[in-house]
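One structure is given below, encoded as structure tokens.
Order of listing sets the numbers, starting from 1, for every ligand and every atom in it.
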Amino acid sequence: KHGVLSRKSHADMDGKRTPRGRRGWKKFYAVLKGMILYLQKDEYKPDADLSEADLKNAVRIHHALATRATDYSKRPNVLKLKTSDWRVFLLQAPSEEEMMSWIFRINLV
Ligand code: I3P
């Protein structure tokens, strides 16, 4: 699965709130492949062409949990992604349908 997603980092690997200065929204081209959600700067690329930044932004979603972000109302179609290493991301999809599809696909892994 792939498509445009905006990301906001809410909590870091230490379980603590992501500090100010790193809490902004950023738009990516997301590609879910195997157990990894790639958040790429640009549209589709073969694995070999991923930049260092793309690889750094990739999220392992094994044992991750995606839910609708019911406690976040500033933007529509936002899901909350909790990873097995305690990070929390908010991800905004372009539509309700896309958001539900991402939640379903992430939780299937
Ligand atoms: C953050 C940025 C986010 C905002 C966040 C700010 O600043 O303005 O858009 O979240 O508020 O801290 P920075 O880019 O300097 O990290 P919202 O868009 O959700 O308001 P927050 O600290 O209340 O999450």
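Across all their heavy atoms, A64 and T83 have their closest contact at CB-CA, 3.9 Å. In terms of heavy atoms, L32 sits closest to I106 at CD2-N, 4.3 Å.
A cation-pi arrangement is absent between R7 and W25, since the terminal nitrogen or guanidinium carbon is not both under 6.0 Å from the aromatic centre and inside a 45° cone about the axis. A cation-pi contact links K33 to Y38, judged by a cut-off of 6.0 Å to the six-membered ring centre and 45° from its axis.
If you check which protein heavy atom lies closest to atom 9 (O) of ligand 1, you get W25 CD1, 3.9 Å. Scanning the protein for heavy atoms near atom 20 (O) of ligand 1, the closest one is K74 NZ, 2.6 Å. Here the protein heavy atom with the shortest distance to atom 10 (O) of ligand 1 is K8 NZ, 2.9 Å.
Contact annotation: R75 has no heavy atom less than 4.0 Å from any atom of ligand 1.
Side chains of L81 and V59 form a contact here, defined as non-hydrogen atoms less than 4.5 Å apart. In this structure, the side chains of Q40 and L50 come closer than 4.5 Å at one or more pairs of heavy atoms.
Where the criterion is an N or O separation shorter than 3.5 Å, residue side chain and backbone included, G21 meets it with respect to ligand 1.
Contact annotation: for K26 versus ligand 1, there are no heavy atoms closer than 4.0 Å. The parts of R23 lying near ligand 1 are both backbone and side chain, judged by heavy-atom distances below 4.0 Å.
The CG atom of D12 lies 14.0 Å from the CH2 atom of W86; values are rounded to the nearest 0.5 Å.
For atom 24 (O) of ligand 1, the protein comes within 4.0 Å by at least one heavy atom.
Against a heavy-atom cut-off of under 4.0 Å, G24 is close to the following atoms of ligand 1: 2 (C), 3 (C), 14 (O), 16 (O). Ligand 1 places these atoms under 4.0 Å from at least one heavy atom of Y72: 17 (P), 18 (O), 19 (O).
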